[in-house]
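Since we're looking at a predicted model, the values are computed, not measured. Counting from 1, the numbers follow the sequence of the chain as shown.
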Amino acid sequence: MQMTPQAVSIDNIPGTFIKHEGFYSRYYTFVPKSHKFVVVFDADKNEGRKFSVGDTCEESSDNLTYFGTIVAITEKNVVVQPKYSTKKTRMKHYSFAMLNSDFDFAAIRQRNNRLRQII
């Protein structure tokens, strides 16, 4: 299980680029034909991050950020098993990209710990 996704180059990998429109237009996602991983590309930062099945990702956030494990990647969705629930979350690629484009497990965990002291 990978806590912080690796930066990746997606040159010469067959798959589908998805350009998200509207509010999410700065994000692209790339899904290879094998559906073994998804790459979230942030056009503003000009970098991509690779998430594979079994990796930890941000599942949702309110005041605190909640983590889950990626259990499946499809052409349209990323399926995540939240850490403290039996119900799986199915996220569209743009939602996944928005939550995980700058995913850093250590930084988020530190932020959660600070917020827990305030809440």
Side-chain angles (χ1 to χ4, degrees):
M1 177 172 56
Q2 188 174 316
M3 291 299 189
T4 302
Q6 63 190 23
V8 66
S9 171
I10 52 177
D11 297 334
N12 303 319
I13 301 174
T16 305
F17 254 119
I18 303 164
K19 167 91 167 89
H20 303 293
E21 300 297 326
F23 181 74
Y24 305 102
S25 62
R26 74 180 243 204
Y27 302 113
Y28 296 80
T29 50
F30 174 79
V31 182
K33 292 184 179 186
S34 65
H35 294 161
K36 291 184 179 179
F37 64 88
V38 61
V39 175
V40 175
F41 186 78
D42 186 338
D44 289 350
K45 297 178 183 176
N46 199 26
E47 67 181 23
R49 294 179 179 261
K50 177 182 173 183
F51 292 87
S52 301
V53 172
D55 285 353
T56 300
C57 66
E58 183 176 338
E59 180 262 328
S60 65
S61 61
D62 193 9
N63 289 331
L64 299 174
T65 300
Y66 300 97
F67 301 105
T69 303
I70 299 172
V71 294
I73 298 169
T74 67
E75 193 172 308
K76 296 182 180 181
N77 300 299
V78 177
V79 183
V80 177
Q81 177 66 57
K83 189 172 182 180
Y84 298 108
S85 175
T86 57
K87 187 176 180 182
K88 294 178 183 152
T89 302
R90 183 177 296 271
M91 290 190 277
K92 297 283 186 189
H93 284 286
Y94 63 82
S95 298
F96 184 82
M98 184 183 73
L99 287 172
N100 291 286
S101 65
D102 58 352
F103 183 80
D104 182 352
F105 184 79
I108 293 170
R109 193 167 171 198
Q110 185 178 24
R111 180 183 168 273
N112 277 352
N113 288 336
R114 280 196 318 265
L115 284 173
R116 280 190 188 105
Q117 295 173 0
I118 297 169
I119 299 176

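For the atom pair OG of Ser61 and CD1 of Ile108, the computed distance is 9.0 Å after rounding to the nearest 0.5 Å. Annotation: the span from Asp62 atom CG to Tyr66 atom OH amounts to 6.0 Å, rounded to 0.5 Å. Gln81 contributes atom CD, which lies 11.0 Å from atom SG of Cys57 (distance to the nearest 0.5 angstrom). For the atom pair Ile70 CD1 and Glu59 CD, the distance stands at 11.5 Å (nearest 0.5 Å). Note that CG of Asn112 is 5.0 Å distant from CG of Leu64, once rounded to the nearest 0.5 Å.
Aromatic ring centres of Phe51 and Phe96 lie closer together than 6.0 Å.
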* To do: Apply the test side chain to side chain contact (heavy atoms under 4.5 Å, CB included) to residues Met91 and Val80: give CA-CA distance (whole Å), side-chain angles for both, the deciding distance (0.1 Å), then the verdict.
  => CA-CA 8 Å; Met91 290 190 277; Val80 177; 3.5 Å; yes
* **From CA spacing to verdict: side chain to side chain contact (heavy atoms under 4.5 Å, CB included), Arg90, Val78** => CA-CA 6 Å; Arg90 183 177 296 271; Val78 177; over 6 Å; no
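Heavy-atom minimum distance, Pro82 versus Thr89: CG-OG1, 3.6 Å.
Criterion: ILVMFWY side-chain heavy atoms under 4.5 Å apart, direct or through other members. Under it, Val79 and Val38 are not part of a common hydrophobic cluster.
Every side chain to side chain contact (heavy atoms under 4.5 Å, CB included) that Asp102 has, sequence neighbours left out, goes to Lys45.
Looking at His93, its side chain does come within 3.5 Å of a backbone N or O of Thr74 through a donor-acceptor pair. With hydrogens and angles ignored, the 3.5 Å screen pairs a side-chain donor or acceptor of Asn100 with a backbone N or O of Glu58.
The only member of Gln110, Arg111, Arg116, Arg109 that meets side chain to side chain donor-acceptor pair (under 3.5 Å) when paired with Asn113 is Arg116.
Using the six-membered ring where Trp is involved, Phe67 and Phe105 have ring planes that are tilted, between 30° and 60° apart.
Cation-pi geometry between Lys50 and Phe37 is satisfied (NZ or CZ under 6.0 Å from the ring centre, within 45° of the ring normal).
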